[in-house]
Amino acid sequence: TQPPTPTPTTMPTPKPTANVDMISQIVNEGRKSKDPFFLRYSQEAGDRDDCSTQVFSFYSIKGDKNPLLGSEHETCESYYLTLLKHQKSFMKQGGAVQSTVPRDIAKGIDPVPDNWQSTTQFGDMVIWMENPKYDSDKRLITKRDDAAWHIGLCSGNGQMIDRGQWEENNPNGYEEGLFVRGLDTIKSSYKLIMIIKPSDEARLTPDEIYEYLQNQTK
């Protein structure tokens, strides 16, 4: 009697490792299909539709390792002030903070390097402020009625994942929503203020962002 032929074990197809091109594709496809998540933009706090709440939502994937925990109201201004206040403990955990503000640098925060656009890594966060103003000690004046801020999540290739309004340097004209676009396409009146570089443990990965975006598609 011939022994029974063993049934071959079906192995699951390995999940492809996500990369920035896959992230760009899912964002572009979401916009083409007019998926509301990829097109909506507002400044209503808490609805995850503006830049600061979107970045917080991205990093909420990391749970209690979210480097933005402890900031108030999930605003760009709060991220800047929180990281400024707690930068020593942030650095002890393996993170880094870089600033363009003269007073920050004088107090020991690393300056933003000249080639910052090419040295950002996936998961870094970049904060800008429109027409920043400084006091006599070269501190950034943050409490202003006319202050406008912006934050983007770097994708490590001179680009960022950005929920915002896009007009300048955009061949398609004015748009709003979620984009993958160059760090050099932000409106020129916005000046770089801070780069937040999370620790390896806290840093988002392309796989995490790709899965997050897949879960948003309708």
Problem - Test item: Ser24 side-chain N/O and Val20 main-chain N/O as donor-acceptor pair under 3.5 Å - result: yes

Exercise for the section: List the steps and the verdict of side-chain contact (heavy atoms from CB on, under 4.5 Å) for Lys191 and Thr100. Expected result: CA-CA 9 Å; Lys191 306 303 180 185; Thr100 63; over 6 Å; no

Practice task
In sequence, state the C-alpha distance, the side-chain angles, and the governing distance for Leu192 and Gln117, and then conclude on side-chain contact (heavy atoms from CB on, under 4.5 Å).
Solution key: CA-CA 11 Å; Leu192 177 64; Gln117 291 179 348; over 6 Å; no

Problem - Inter- and intrachain pairs under side chain to side chain donor-acceptor pair (under 3.5 Å), touching residues 82-96, at least two apart - result: none

Completion exercise
Checking Thr119, Val126, Leu204 against Cys154 for side-chain contact (heavy atoms from CB on, under 4.5 Å), the one that qualifies is Val126

Practice task
Check for a donor-acceptor pair, side chain of Ser71 on one end and backbone N or O of Leu68 on the other, with a separation under 3.5 Å.
Solution key: yes

Problem - ring pair (Phe, Tyr, Trp, His ring centres under 6.0 Å) partner of Trp166, chosen from Phe179, Tyr41, Tyr190 - result: Phe179

Handout entry: Arg139 backbone acceptor or donor facing Asp137 side chain under 3.5 Å
Key = no

Practice task
Answer yes if the side chains of Asp207 and Thr205 hold a donor-acceptor pair under 3.5 Å, and no otherwise.
Solution key: no

Exercise for the section: I would like to know whether Ile193 and Asp104 meet side-chain contact (heavy atoms from CB on, under 4.5 Å); could you show each step before the answer? Expected result: CA-CA 10 Å; Ile193 297 297; Asp104 298 351; 5.6 Å; no

Problem - Ionic contact status for Arg203 with Asp124, cut-off 4.0 Å - result: yes

Practice task
Work out which heavy atom in Ala147 is nearest to a heavy atom in Thr142; give both atom names and the distance.
Solution key: CB-O, 4.1 Å

Problem - Test item: Arg163 side-chain N/O and Val55 main-chain N/O as donor-acceptor pair under 3.5 Å - result: no

Exercise for the section: Would you give the length of the straight line joining atom CZ of Phe58 to atom CD of Glu208, rounded to the nearest 0.5 angstrom? Expected result: 12.0 Å

Problem - Note: Lys62-Glu201 ion pair, threshold 4.0 Å (strictly below) - result: no

Exercise for the section: Return yes if some donor-acceptor pair links the side-chain N/O of Glu167 with the main-chain N/O of Lys187 below 3.5 Å, else return no. Expected result: no

Handout entry: Mutual orientation of the aromatic rings belonging to Tyr80 and Trp149 [parallel < 30°, tilted 30-60°, perpendicular > 60°]
Key = tilted

Practice task
Under the salt bridge (charged side-chain N to carboxylate O under 4.0 Å, His left out) rule, collect the residues that match up with Lys32, sequence neighbours excluded.
Solution key: none

